[in-house]
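Heads up: the structure comes next, in structure tokens.
Just the heavy atoms: all of them, side chains too, but no hydrogens, waters or symmetry mates, feed the values below. Here the structure is a predicted model, which means the values were calculated and not measured.
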There are 2 protein chains.
Amino acid sequence: MPNHFTPHAAGDLNYLKSLNRSTILSTVRRYPGLSRADIALRTGLTKATVGSVVNALSDSGWLREGELHARGGGRPGRSLYLDGEHHVMLGAEVGVKGLRVVACNLQGELLASQRLDDSPTTPAQTAAVLARLIEALRGDPAIATRPCLGLGVALPGPVAPQAPILRLAPNLGWVDVDFLALLRAELDWPAGVWLLDNEANAAAFGEFYFIEGAPPESIAYLSAGSGIGCGVVSGEHFPVIPRGHQGLVGEIGHTVLVAEGARCHCGNHGCAETLVSGWMLRESLGVEADASLSASLLARLDEPEVRAALARAGRALGLLMLNLHHTLNPSMLILGGSLMRLGEPLVAPALAYFDAHQNDLLRQTQRVPVKVVEDSTFTAARGAAAQVMARAAIEV
Amino acid sequence: MPNHFTPHAAGDLNYLKSLNRSTILSTVRRYPGLSRADIALRTGLTKATVGSVVNALSDSGWLREGELHARGGGRPGRSLYLDGEHHVMLGAEVGVKGLRVVACNLQGELLASQRLDDSPTTPAQTAAVLARLIEALRGDPAIATRPCLGLGVALPGPVAPQAPILRLAPNLGWVDVDFLALLRAELDWPAGVWLLDNEANAAAFGEFYFIEGAPPESIAYLSAGSGIGCGVVSGEHFPVIPRGHQGLVGEIGHTVLVAEGARCHCGNHGCAETLVSGWMLRESLGVEADASLSASLLARLDEPEVRAALARAGRALGLLMLNLHHTLNPSMLILGGSLMRLGEPLVAPALAYFDAHQNDLLRQTQRVPVKVVEDSTFTAARGAAAQVMARAAIEV
DNA sequence: AGAGTTAGTAAATAGTATTAACTAATGGCG
DNA sequence: CGCCATTAGTTAATACTATTTACTAACTCT
């Protein structure tokens, strides 16, 4: 079933070709420096197939050949790498506290970026401002001359799985917005792939996509900012984000942790966000609405009240991490989002709680690794760019 | 990445053939009575391809041709159906309270079944007893002459995603059991596909696989018995069960609903199973360990204490259902497991709680349908058989 | 320098779905 | 009744895929 996330539904020889091309490209992404022969061994394709596909990908600027490397006797193989000098992908994030735009090469390296720390207003105005940022980025001499694979946009709310439309962004007050259409109206642009996704999903995708070597079975990116979201990704060569019926997979901020607990802005009571989230800390600690939360709180870390509040929130975060393991069961957990800037006072209690409450099932196996991303300013935007690359690799 | 759930990893022409054959088979399963031309239209394959594949499937006993049906002018098409008269699949369930074995035809109809209501003891003894049941079933004249596609076994605990091995069945006291190997030792059998899976996953798969017409995007089967488990399935033609790193996707019985709550047998505190589960009701209401829980309680429904306990458990179940929607977000929810026999005193509070606590995001869209399976005696076994069929359809 | 080994390419081959042309079967209409 | 238009299904030719096989290229070791 083709939709805007998974373009085609199999069947003909084109599909097979595309599948193999994409597999080969992905093998080089995961294992840079492999030779044609190595790729053939790894993918199960024959030398001949790999050779012809690799040569075509070299010609079109996706791969470049590197140095020779001999292994034992015999003719040395020629190392292959993703070509970081040709194509670029653009990624953008509309966050509660500002706009971010990045340009990446095929290796996931940031070539240029733009940011604007004003809170977005209406969808249309935001699209106009974002379009100017994107144009500024495209004007950058480092990327102006390069062919662009497309643009991915990350938004702070669930996106409909059937159409690229934002359903609801509670922290922006947006409902059912066709943001790509608004952007298209502002950007007169030939362009290839246009994608829209949830911020946590995009971030998760990017973190997973550019992992070198054999990736974990799956990762969950827990995004703690104004709200709490979570994106899951799995699939070595073709990373997939489970989305569910309404795109709510990973909306763990609104799982209920306290039956009949404090009222949440979602209309329910006792949600995780009432225990840990930017807006909850803002309300309970009395930070002015337009001030940067993390900056304000970082300045007040010597107040016992603040430290206690962060520790409480941290323990709730640890509990969320535990529940995540029994429902989505990722093999790696990444903590990101603006709250991570608060550092140890929030993170240490979370990790401690997580460690202390492993049950027998989890204790039986190796502890799931947790990675903390302190500065996730461009993580979601870069992830959106990664999604563009993944799509383009299939369609090319 | 091939593993014991997803056999092959794409690449060659065989794969393409297998993919299309399986797609066509699945189209007939979802939409019985279509003609070759209808299938071509639906799948995007050409008439020629569909024709040759359908004829091959007819020859091998997977499809049968039915009546002609004219639509407007022109030559009438010949209806196609899965052939219920040839192949059979076997499915088995090892439950806390007994063994179940079924034989199904390709349409998911139960041709024969066997049950034994003794609690299993050791893995080896259980395998021996189960083997006798299976042999008895194979001896049944209704199925003895038919070709058998294989055997699927459902167990009450998580199964390792990389190998068909049971990790842990707390309610049986089993750890790291290679149950298929034990069975193979008891059953001298040529046989095709052998599969092992978690009980909730198997049940979910079966419920989803045999849905006629366009299926929901995904379903979650919430299995409430001695413990609480949940299986998720999605994918119209190729249903997939997300499993996660350790096969714990859907282990929602051990999500924590009460921080620092009552001690759970998993080693943690405040798990969902401490609020709703067979073993918790058994303990709190003082039912003897070897008596049938539902029977004992059904006889005591006039006691206010029992009704109150069931209502409390029901509300916890409703809360679990809500949290499920914000993490796995299925488009349909099926309630099954032995506790469902308790009926309205448990189910009504659950549904009421679920209805009353929908948040804005869920309220925005159509209410997710909930289906209650009162008698799920053979649901998991039949689901295991369905998994055999799905696998065989790819491999044939 | 030559044998042995591995990398990569080229031409021939087998297998896939598609295309285009055909036959088959029905309803509608004169 | 007979003809035509229409749709279903089959067949043979075609285009494209990956594989097989045979080859050339390039290096190490002796």
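Between the side chains of B/T23 and B/N20, not a single donor N or O lies within less than 3.5 Å of an accepting N or O. Judged purely by distance below 3.5 Å, without hydrogens or angles, the side chains of B/E217 and B/S234 never pair a donor atom with an acceptor atom.
Distance, B/R21 CZ to C/dG15 C1': 14 Å, rounded to whole Å. In this structure, the CG atom of A/L41 is 12 Å from the P atom of C/dG8, given to the nearest Å. One atom, NZ of A/K17, and another, P of C/dT16, lie 18 Å apart when rounded to the nearest Å. In this structure, B/I39 atom CD1 and C/dA17 atom P are separated by 15 Å, rounded to whole Å. Rounded to an integer number of Å, the gap from CG of A/L16 to P of C/dT16 is 11 Å. Per the geometry, CG belonging to B/N14 stands 9 Å off P belonging to C/dG15, to the nearest Å. Rounded to a whole Å, the CG atom of B/D12 is 15 Å from the C1' atom of C/dT13.
Non-hydrogen atoms lying under 4.0 Å from DNA chain D are contributed by A/A48, A/T49, all within residues 47-67 of chain A.
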| task | Let me see the working for A/S35 and A/D38 under side-chain hydrogen bond (donor to acceptor under 3.5 Å, both in side chains), right down to the final yes or no. | result | CA-CA 5 Å; A/S35 67; A/D38 296 329; 3.0 Å; yes
| request: Give the C-alpha distance, both sets of side-chain angles, the deciding distance and a yes or no for side-chain contact (heavy atoms from CB on, under 4.5 Å) between A/Y209 and A/M389. | output: CA-CA 10 Å; A/Y209 194 69; A/M389 175 172 163; 3.7 Å; yes
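Running 5' to 3' along DNA chain D, contacts with non-hydrogen atoms of chain A at under 4.0 Å begin and end at D/dC16 to D/dT28.
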| note | Each nucleotide of nucleotides 25-30 of chain C classed B (base within 4.0 Å of a protein heavy atom), S (only sugar-phosphate) or -, in 5' to 3' order, makes BBS---
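Heavy atoms of other residues, nucleotides or ligands lying less than 6.0 angstrom from CD of B/Q366 number 12 at most.
In this structure a side-chain-to-backbone donor-acceptor pair under 3.5 Å is missing from B/S18 to B/N14.
Rounded to the nearest 0.5 angstrom, A/L111 CG and A/I143 CD1 are separated by 7.0 Å. From B/R64, atom CZ reaches atom CG of B/L106 across 11.0 Å, with rounding to the nearest 0.5 Å.
The residue from A/I394, A/T27, A/V53 that alone fulfils the side chain to side chain contact (heavy atoms under 4.5 Å, CB included) condition with A/S22 is A/I394. For the side chain to side chain contact (heavy atoms under 4.5 Å, CB included) criterion with A/R29, the lone passing option out of A/I24, A/I211, A/L82 is A/L82.
Electrostatic pairing of B/R184 and B/D178 does not count as a salt bridge here, judged by no charged N lying under 4.0 Å from a carboxylate O.
Along DNA chain C, the nucleotide nearest to A/L13 and the one nearest to A/R36 differ in position, and the one closer to the 5' end is contacted by A/R36.
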